[in-house]
Every structure is written in C-alpha cells, then in structure tokens.
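Written out below as structure tokens is the structure these notes cover.
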Amino acid sequence: MLISGTTQIFVIFAHPSGQVRAPSLFNRKFQELGIDHVMIPIDVAPSNLSACVNSMRGIENMRGGVVTIPHKVEIAKLCDELGPGGRATGAVNAFRYDKDGRLYGDNFDGVGFVSGLKDNGNDLEHRKILIVGAGGAARAIAAELVTEPIANLDIVNRSHDKADEVVEIVKSVTQTDKLSSIVQSQIDFERYDYVINATSLGLRPDDPLPFSITALNSECVVCDIIMKPEETALLHAANQAGMKVHYGKHMLDYQISFIAEFIGAFKP
Ligand SMILES: NC(=O)c1ccc[n+]([C@@H]2O[C@H](COP(=O)([O-])OP(=O)(O)OC[C@H]3O[C@@H](n4cnc5c(N)ncnc54)[C@H](OP(=O)(O)O)[C@@H]3O)[C@@H](O)[C@H]2O)c1
C-alpha cells in the first residue's frame, strides 16, 4: 500500500523505538485489508512527549495509536478522558484523537490477559484467583478479572502497601467486592484455581521463582505474564509437574484486536 494524500496516520510513541512490533503488525494488516492507513514509529524522549502529543491534536488525518515504554504513565496525564483500564492503572497503552482534538486513552493489558485466558479454555466462573505482584500489570489484570463471574481475587506483593493500593484503586474504579489484599505469610496457596505471576521475576535467568508450585493444588492453572523467555522458570517447573500453564505472550497477542477497535485502525 502506497502512502497517498488520503492516508490516515497511526503512530506508536516509544523511546527508543527500535524494538517495537506494532508498526509491522498493523501495517501488514492494513495491506491485507487494502485500507489506506499507515502506522509509523515516533521515537520521542520523555521531555518532548507532551509537545509532541499536543501538536498532533490538530492534524486532521491523525487517528491515534499505541504507547509503550517509557511513556505509558505520562501520556495518561495528557488525555482528556480515560477508559476503565486507564483509570485503574493510571497508564495508557492506546489512544485516539477525536475530530475536536480531544485525546482518549485506555489500557488494554487487563482485557488482553483475561480474553487470552478464556480463549485458551480456562473457565473463570466461581474460581478463586491469586495475583502475585502489585505493579501496573497486576492492577490492569485485577481491574478486568473482577468484572468476570469469579468467586474472589486476592493480591499479594513483596511490598504489602502496594497490594493495598491496588485494592483501593480497583475498588474505586469497578465498585467490586471480590477483591482483597493478603499478606504473604497468610497465603493458603492450595485454595486457588489460578495463580498469576505479575511480578517481574522470571525475566532474568537467575531470578528466584515468584512462588513455589509445590504448595499449589494439582488442578491449579499457573499463569505468567512475562513474555521473554516464553517458558519462564515458573512455567517450566509447572509443566514438569504436569500442571496446566498459561503463557505471557497471550496477554499481548489478545489485546491487539481490542486496541485496533479502540483506535479505529481496521476501519477505512
Ligand atoms: N505480557 C504482557 O503483555 C505484559 C504486559 C505488561 C507487563 N508485562 C510484564 O509484567 C511484569 C510486571 O510489569 P509491571 O508493569 O507491573 O511492573 P512494575 O509496575 O514495575 O511492578 C513490578 C512488580 O514486581 C515485583 N517485584 C519486582 N522484583 C521483585 C522481587 N525481587 N521479589 C518480589 N517481587 C518483585 C514488584 O514488587 P514491589 O512492589 O515490592 O517492588 C511489583 O509488584 C514485567 O516483567 C513486564 O515485562 C507483560
């Protein structure tokens, strides 16, 4: 597809931008669909982000796009309106400009995780779930899981005050009564149907396991959100023990269609 005078522009804000996958993924899809759209990488330093985002508000054929490290939190502050994922996390990974120049942002990490889980044959009804970790990803997942017909969701974190914070913010956004924080020494791992690693433990080969799988019941589904390596030490241990596992790659793969819908990428 050649760029023409009517091409609609989508961008990804990143710094650096060399590693981003979104342009090749979206541009391939634009070509397949035969639509006059393009996605371009914008490598912008944090100090220039607000000037860059605001200057694009007046561009008639600028639709929106994707945001990645290190801009997810700062761009949320520049948005005129945030969706539920954005409000729960204070971070945005997709945004769109309206005709009047208003900027709408949302975060699809949680939707991506939950739809990936369900689409891979995991039933959430009446299930007891534990999230280990209380960073941005844990918040996003928690905000989405509590909208499902689960029995309850607990959050545990090395720094307990951050687990409390997640509960407070997710409750304020979703009004859920299914969510609690739990202190590490009081966890009964055996009671959970799903345990999700939402810490960054597993990225490095010498990381300890975020939790021991020996304490889990044998029916428990062990989930990780780390994408590289695809099979973390945690998932390897669970696989070796014959347990069901859920891989981190699904969280990203499944959010693409939600992001595309939100930014109107696949609509001419
Ligand atoms: N698959 C996907 O699409 C996807 C999307 C987003 C993120 N991720 C991955 O998810 C991970 C978390 O992302 P995030 O944005 O939530 O990060 P974050 O906000 O920095 O949170 C990191 C979490 O890991 C915990 N942690 C870090 N080191 C630890 C240690 N040594 N022992 C115990 N806990 C430790 C932190 O605990 P404290 O609060 O105590 O520091 C915190 O709960 C990252 O590895 C990221 O690559 C994957």
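Treat the numbers as computed from the prediction; the structure is a model and nothing was measured. In each ligand, atom 1 is the first atom listed, and ligand 1 is the first ligand listed.
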Report task. Looking only at non-hydrogen atoms, find the nearest pair between C52 and F13 and report the distance. Result -> SG-CE2, 3.6 Å
Query raised in the report: Looking at D98, D80, D100, which one forms a salt bridge (Lys or Arg N to Asp or Glu O under 4.0 Å) with R57?
Result: D80
Query raised in the report: Think R96 forms a cation-pi with Y104, using NZ or CZ under 6.0 Å from the six-ring centre and within 45 degrees of its axis?
Result: yes
Requested in this report: Go through the steps to decide whether K162 and E165 satisfy the test salt bridge (charged side-chain N to carboxylate O under 4.0 Å, His left out), and finish with yes or no.
Outcome: CA-CA 5 Å; K162 278 179 73 184; E165 249 175 60; over 6 Å; no
Query raised in the report: Is it true that R191 and D188 make a salt bridge, defined as a side-chain N closer than 4.0 Å to a carboxylate O?
Result: no
Please output the side-chain donor-acceptor pairs of residues 246-254 that fall under 3.5 Å, not counting sequence neighbours, one pair per line with the distance.
residue : atom : partner : partner atom : Å
Y247    : OH   : N239    : ND2          : 3.1
K249    : NZ   : E230    : OE2          : 3.0
Y254    : OH   : D119    : OD2          : 2.7

Within the protein, flag every N or O under 3.5 Å from an N or O of ligand 1, and note the pair and distance.
residue  : atom   : partner : partner atom : Å
ligand 1 : 1 (N)  : I225    : O            : 2.8
ligand 1 : 1 (N)  : G248    : O            : 3.1
ligand 1 : 16 (O) : G136    : N            : 3.1
ligand 1 : 16 (O) : A137    : N            : 2.8
ligand 1 : 19 (O) : G136    : N            : 3.1
ligand 1 : 24 (O) : S200    : N            : 3.2
ligand 1 : 31 (N) : R158    : NH1          : 3.2
ligand 1 : 37 (O) : N157    : OD1          : 3.3
ligand 1 : 39 (O) : N157    : ND2          : 2.9
ligand 1 : 39 (O) : K162    : NZ           : 3.0
ligand 1 : 40 (O) : R158    : NE           : 3.0
ligand 1 : 40 (O) : S159    : N            : 3.2
ligand 1 : 40 (O) : S159    : OG           : 2.4
ligand 1 : 41 (O) : R158    : NH2          : 2.8
ligand 1 : 43 (O) : A134    : N            : 2.9
ligand 1 : 43 (O) : N157    : OD1          : 2.7

